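The structure displayed is predicted, hence computed values, not measured ones.
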Amino acid sequence: MDTNMSEVTRLRNQIEAEYIAAQRGLEGLAEVARHQYITTQMENMDCYHRQLAKLVGEERAIQMVAQVFGTPEEDSDGR
């Protein structure tokens, strides 16, 4: 297996795991702890995103993160 691809897959999976953890954080914990917990998850996602961008480029990394978030991708004309 291509080492670069396995690293890309690992990072994408890490971003997805952090996103799911942040979503679950909305359902529990005290308000202050919830904010702190979700902030940590978002910071972790940012770190993984930066690593991913080094491997696949910024635009592709953004697309991959958007897929994790369930955000529809833009059409080719930017809409």
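Taking hydrophobic clusters as Ile, Leu, Val, Met, Phe, Trp and Tyr residues chained together by side-chain heavy-atom distances below 4.5 Å, Phe69 shares a cluster with Leu52.
The minimum heavy-atom distance linking Glu16 with Val68 is given by the pair CA-CG1, 3.6 Å. Of all non-hydrogen atoms in Ala22 and Ile38, the two that sit nearest each other are O-CG1, 3.7 Å.
Looking only at side-chain heavy atoms (C-beta outward), His49 and Glu58 come within less than 4.5 Å of each other. Side-chain contact between Met45 and Tyr19 is present, with heavy atoms from C-beta onward closer than 4.5 Å. In this structure, the side chains of Gln51 and Arg10 come closer than 4.5 Å at one or more pairs of heavy atoms. Contact check for Met64 versus Val8: side-chain heavy atoms found under the 4.5 Å cut-off.
Atoms CG and NZ, on Leu11 and Lys54 in that order, are 10.5 Å from each other to the nearest 0.5 Å. Here CD1 of Ile15 is found 13.0 Å from CD of Gln41. Values are rounded to the nearest 0.5 Å. Cys47 contributes atom SG, which lies 13.5 Å from atom CE of Met42 (distance to the nearest 0.5 angstrom). Rounding to the nearest 0.5 angstrom, the gap separating the CD atom in Glu7 from the CD atom in Gln14 is 9.5 Å.
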